[in-house]
Asker: 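Got a structure here, written out as structure tokens. Questions coming.
Bear in mind the structure is a predicted one, so any value in this text is a computation, not a measurement. One is the number of the first residue; the rest follow in order along the sequence.
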Amino acid sequence: MAVKQIRAKAYRFIWAAVCGGAGCGLVYVFFPDHILFRIFFLFLLAGLTLASLALAFLKFRILREARLILENKLLTVRFAAVERGADVSSAGGGVEVVVSCFGILLDSRVISFNRKANRLRRVEIGRNSSAFFYGAGAQTGRTTILHEPLSGEAALRLAESFRFETGAETLLSGKDF
């Protein structure tokens with residue numbers, strides 16, 4: 001579902017770029033006598049077209065990262081709340097969260113790590129939540145996902161998967177493990 005939303009946004013930007021290009025052509029054809037008017041609208045529409053193409057390019061890059069996360073998923077949960085630093089967002093349980101060694105896919109939002117300079121540093125797996133610490137250099141981000149309770153065996157398998165796939169420090173928190 002998330003990939004479809006990202007793809008739809010990218011195609012909307014492509015459609016806006018095509019419309020902007022068509023608008024440039026129409027202004028050029030239908031207003032041959034109004035030089036200042038034609039120049040103004042050509043620059044305006046050309047700028048909007050280039051901006052739409054740039055945004056479409058960014059969305060297709062996000063789409064590629066989302067597909068990479070989906071192909072290499074380690075954990076999939078329906079979530080109640082996600083905490084990113086001081087930001088807490090919640091949903092009614094209809095949003096799927098996919099976690100892989102390359103990032104986290106929250107509905108149509110992508111948090112990527114282990115690509116370029118952004119590294120997954122630590123994973124804390126608890127009975128009802130998992131926290132992911134990632135960043136580049138001195139900057140550190142934290143995302144906590146609340147999920148259904150994990151058994152001790154499932155938590156150990158998940159911890160081993162993260163340790164093997166990412167090389168990140170993995171901690172099991174809680175007395176039940």
Side-chain angles (χ1 to χ4, degrees), residues 1-14 52-177:
M1 185 63 154
V3 173
K4 288 181 183 179
Q5 291 174 346
I6 296 170
R7 186 183 310 125
K9 288 179 184 178
Y11 285 134
R12 279 187 219 129
F13 285 124
I14 293 287
S52 295
L53 285 174
L55 290 172
F57 175 75
L58 291 175
K59 286 295 176 184
F60 278 116
R61 228 169 83 195
I62 291 171
L63 179 64
R64 187 178 63 218
E65 289 178 5
R67 285 183 179 153
L68 182 67
I69 291 170
L70 284 173
E71 290 171 0
N72 297 290
K73 62 184 167 185
L74 297 175
L75 175 67
T76 303
V77 294
R78 293 221 177 263
F79 80 101
V82 171
E83 177 185 331
R84 289 186 70 196
D87 221 10
V88 177
S89 57
S90 62
V95 176
E96 187 177 62
V97 178
V98 178
V99 180
S100 81
C101 57
F102 296 108
I104 302 171
L105 180 61
L106 298 165
D107 199 23
S108 63
R109 206 167 72 199
V110 174
I111 302 168
S112 66
F113 39 76
N114 290 345
R115 295 183 49 127
K116 299 182 183 170
N118 200 20
R119 298 280 173 225
L120 180 64
R121 295 183 179 166
R122 188 173 74 215
V123 179
E124 292 180 4
I125 301 171
R127 189 162 214 36
N128 296 319
S129 66
S130 297
F132 303 91
F133 298 87
Y134 52 89
Q139 294 180 337
T140 301
R142 174 184 175 182
T143 299
T144 303
I145 299 173
L146 302 177
H147 52 74
E148 65 272 354
L150 294 174
S151 67
E153 186 177 306
L156 280 172
R157 271 184 291 157
L158 185 62
E160 283 300 315
S161 295
F162 273 109
R163 193 174 299 128
F164 178 74
E165 295 286 335
T166 65
E169 176 186 0
T170 308
L171 303 171
L172 293 176
S173 59
K175 298 176 183 175
D176 299 330
F177 295 129

Asker: Got a sec, which residues hit salt bridge (charged side-chain N to carboxylate O under 4.0 Å, His left out) with Glu165, two or more places apart in sequence or on another chain?
Answerer: none

Asker: Looking only at heavy atoms, which two atoms of Ala10 and Ala56 are closest? And how far apart?
Answerer: O-CB, 3.9 Å

Asker: Run the side-chain contact (heavy atoms from CB on, under 4.5 Å) test on Leu150 and Ile125 for me, step by step, so that the C-alpha distance in whole Å, both residues' side-chain angles and the decisive distance to 0.1 Å come before the verdict.
Answerer: CA-CA 9 Å; Leu150 294 174; Ile125 301 171; 3.9 Å; yes

Asker: For Phe102, enumerate each residue passing the ring pair (Phe, Tyr, Trp, His ring centres under 6.0 Å) test, keeping only those at least two apart in sequence or located in another chain.
Answerer: none

Asker: Is it the case that the side chain of Thr170 and the backbone of Ala168 share a donor-acceptor pair, with hydrogens and angles ignored and the cut-off at 3.5 Å?
Answerer: yes

Asker: Tell me, please, which residues at least two apart from Arg122 pass salt bridge (charged side-chain N to carboxylate O under 4.0 Å, His left out).
Answerer: Glu124

Asker: If you round to the nearest 0.5 Å, how far is CD1 of Ile111 from CG of Leu105?
Answerer: 9.5 Å

Asker: Taking only residues two or more places apart in sequence or in another chain, which ones pass side-chain contact (heavy atoms from CB on, under 4.5 Å) with Ser161?
Answerer: Leu74

Asker: Which residues pass the side-chain hydrogen bond (donor to acceptor under 3.5 Å, both in side chains) test with Ser130, not counting sequence neighbours?
Answerer: His147

Asker: Just do the side-chain contact (heavy atoms from CB on, under 4.5 Å) check on Val77 and Ile145 with the steps written out, would you?
Answerer: CA-CA 9 Å; Val77 294; Ile145 299 173; 3.9 Å; yes

Asker: Output a table of donor-acceptor pairs, distance under 3.5 Å, between side-chain atoms of residues 63-72 and any protein atom two or more places apart or on a different chain; print 'none' if there are none.
Answerer:
{"from": "Asn72", "atom 1": "ND2", "to": "Leu68", "atom 2": "O", "distance (Å)": "2.9"}

Asker: Is a side-chain donor or acceptor of Arg142 paired with a backbone partner of Phe133 at a separation under 3.5 angstrom?
Answerer: no

Asker: Can you see whether Tyr134 engages Ser112 through a side-chain donor-acceptor pair at a distance of less than 3.5 angstrom?
Answerer: no

Asker: Could you work out, with ring pair (Phe, Tyr, Trp, His ring centres under 6.0 Å) as the rule, every residue matching Phe60, not counting sequence neighbours?
Answerer: Tyr11

Asker: So how far is it from Ile104 CD1 to Thr143 OG1, rounded to the nearest 0.5 Å?
Answerer: 4.5 Å

Asker: With sequence neighbours excluded, tell me which residues meet side-chain hydrogen bond (donor to acceptor under 3.5 Å, both in side chains) with Glu169.
Answerer: none

Asker: Rounded to the nearest 0.5 Å, what separates atom CD1 in Ile14 from atom CG in Leu53?
Answerer: 6.0 Å

Asker: Given the side-chain rings of Phe132 and Phe162, with only the six-membered ring counted for Trp, is the space between their centroids under 6.0 Å?
Answerer: yes

Asker: Should we say atom CD of Gln139 is surrounded by more than 12 heavy atoms from elsewhere, each under 6.0 Å from it?
Answerer: no

Asker: Go through the structure and list residues passing salt bridge (charged side-chain N to carboxylate O under 4.0 Å, His left out) with Arg163, not counting sequence neighbours.
Answerer: Glu160

Asker: Under the rule for side-chain hydrogen bond (donor to acceptor under 3.5 Å, both in side chains), what residues qualify as partners of Arg121, not counting sequence neighbours?
Answerer: Thr140

